[in-house]
Amino acid sequence: MSDAFPYDVFLSHSAKDKSVVRPLAERLRQDGLKVWFDEWVLKPGDSIPAKIEEGLEHSRVLVLCMSANAFGSDWTQLEAGTFRFRDPLNKERRFIPLLLDDAPVKGSIAQFLYVNWRAADRDQEYAKLRETCRPAFRTPRVTPGSATFEGNYPVSRPHRQSLERGVESGWAARPLRGR
């Protein structure tokens with residue numbers, strides 16, 4: 001996934017579900033994710049459709065908060081359809097349905113595995129959501145004679161030599177751990 005997205009997560013929800021979605025947005029933000037949440041982004045005088053379109057365009061993950069309220073809202077339907085159209089195979093951008101209540105999941109959304117926010121163990125469900133929303137960690141690709149990283153990160157000569165020695169000795173053959 002590209003690192004070019006200013007937002008990790010776009011939270012699409014009905015205004016009637018804000019009391020459930022706001023704490024989720026705050027928790028994701030506390031865990032270091034960049035969250036597009038309407039209350040934090042929209043300002044007086046903004047064109048709401050234009051700002052939503054911009055938010056979708058600049059977000060790597062769309063979390064569609066599904067509920068009876070959301071399924072009755074044209075906005076959430078529009079946001080979900082627009083996002084899935086941009087990446088129908090769900091590879092570069094992720095589409096994650098989040099079920100808030102007992103509303104039946106219908107149509108094309110039913111093909112996606114959802115996060116069950118109704119569950120008694122929300123902590124486990126939250127962990128799944130958080131990990132899916134985090135940017136993918138890119139493993140450095142190091143080979144003798146050419147210490148380069150995916151994404152063309154610059155490597156100084158002393159570091160290049162150190163990395164090359166590590167490849168030769170075998171320590172750098174293992175993936176490096178992030179976070």
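Each residue takes its place number in the sequence, starting with 1.
- The pair Arg134-Glu131 meets the salt-bridge criterion, with a side-chain N (NZ, NE, NH1 or NH2) lying under 4.0 Å from an Asp/Glu carboxylate O.
- Contact annotation: the side chain of Leu100 never approaches that of Asn69 to less than 4.5 Å [non-hydrogen atoms, C-beta and beyond].
- With sequence neighbours excluded, the residues satisfying side chain to side chain donor-acceptor pair (under 3.5 Å) with Tyr126 are Asp31.
- Ile109 and Leu113 fall into different hydrophobic clusters, defined by Ile, Leu, Val, Met, Phe, Trp and Tyr side-chain heavy atoms under 4.5 Å apart, directly or through other members.
- No side-chain heavy atom of Phe112 sits less than 4.5 Å from a side-chain heavy atom of Leu64.
- Between Trp36 and Phe10, the ring planes lie parallel to each other; the angle is under 30°, not in the 30° to 60° tilted range.
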Would you sort out whether Glu57 and Arg93 count as a side-chain contact (heavy atoms from CB on, under 4.5 Å), showing the intermediate values?
CA-CA 10 Å; Glu57 185 68 32; Arg93 297 174 187 251; 3.7 Å; yes
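- Residues passing the side chain to side chain donor-acceptor pair (under 3.5 Å) test with Asp8, sequence neighbours excluded: Arg60.
- Of all non-hydrogen atoms in Ala68 and Ala103, the two that sit nearest each other are N-CB, 3.4 Å.
- You'll find the side chain of Val35 stays beyond 4.5 Å of the side chain of Ser59, heavy atoms only.
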Using the rule given for side-chain contact (heavy atoms from CB on, under 4.5 Å), can you reason through Trp117 versus Leu24, listing the C-alpha separation, both sets of side-chain angles and the distance that settles it, and then say yes or no?
CA-CA 10 Å; Trp117 207 242; Leu24 173 61; 3.9 Å; yes
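- Distance alone, capped at 3.5 Å, places no donor-acceptor pair between the Arg22 side chain and the Phe37 backbone.
- Of the inter-residue distances, the one linking Ile48 atom CD1 with Asp38 atom CG reads 8.5 Å to the nearest 0.5 angstrom.
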Steps toward side-chain contact (heavy atoms from CB on, under 4.5 Å) verdict (Cys65, Val20)
CA-CA 10 Å; Cys65 299; Val20 176; over 6 Å; no
Go through the steps to decide whether Val61 and Leu33 satisfy the test side-chain contact (heavy atoms from CB on, under 4.5 Å), and finish with yes or no.
CA-CA 11 Å; Val61 177; Leu33 292 167; over 6 Å; no
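- The closest side-chain heavy-atom distance from Pro97 to Val105 is not below 4.5 Å.
- Annotation for His13 and Leu11: closest pair ND1-O, 3.2 Å, computed over non-hydrogen atoms.
- Leu129 is not listed as a side-chain neighbour of Val9, based on a closest heavy-atom distance of 4.5 Å or more.
- Taking each heavy atom of Pro23 and Ser19 in turn, the nearest pair found is CD-O, 3.2 Å.
- Sequence neighbours left out, the pairs with a member in residues 111-125 that pass salt bridge (Lys or Arg N to Asp or Glu O under 4.0 Å) are Arg27-Asp123, Asp102-Arg118, Glu125-Lys128.
- A 4.5 Å side-chain heavy-atom check between Lys106 and Phe71 finds every atom pair outside the cut-off.
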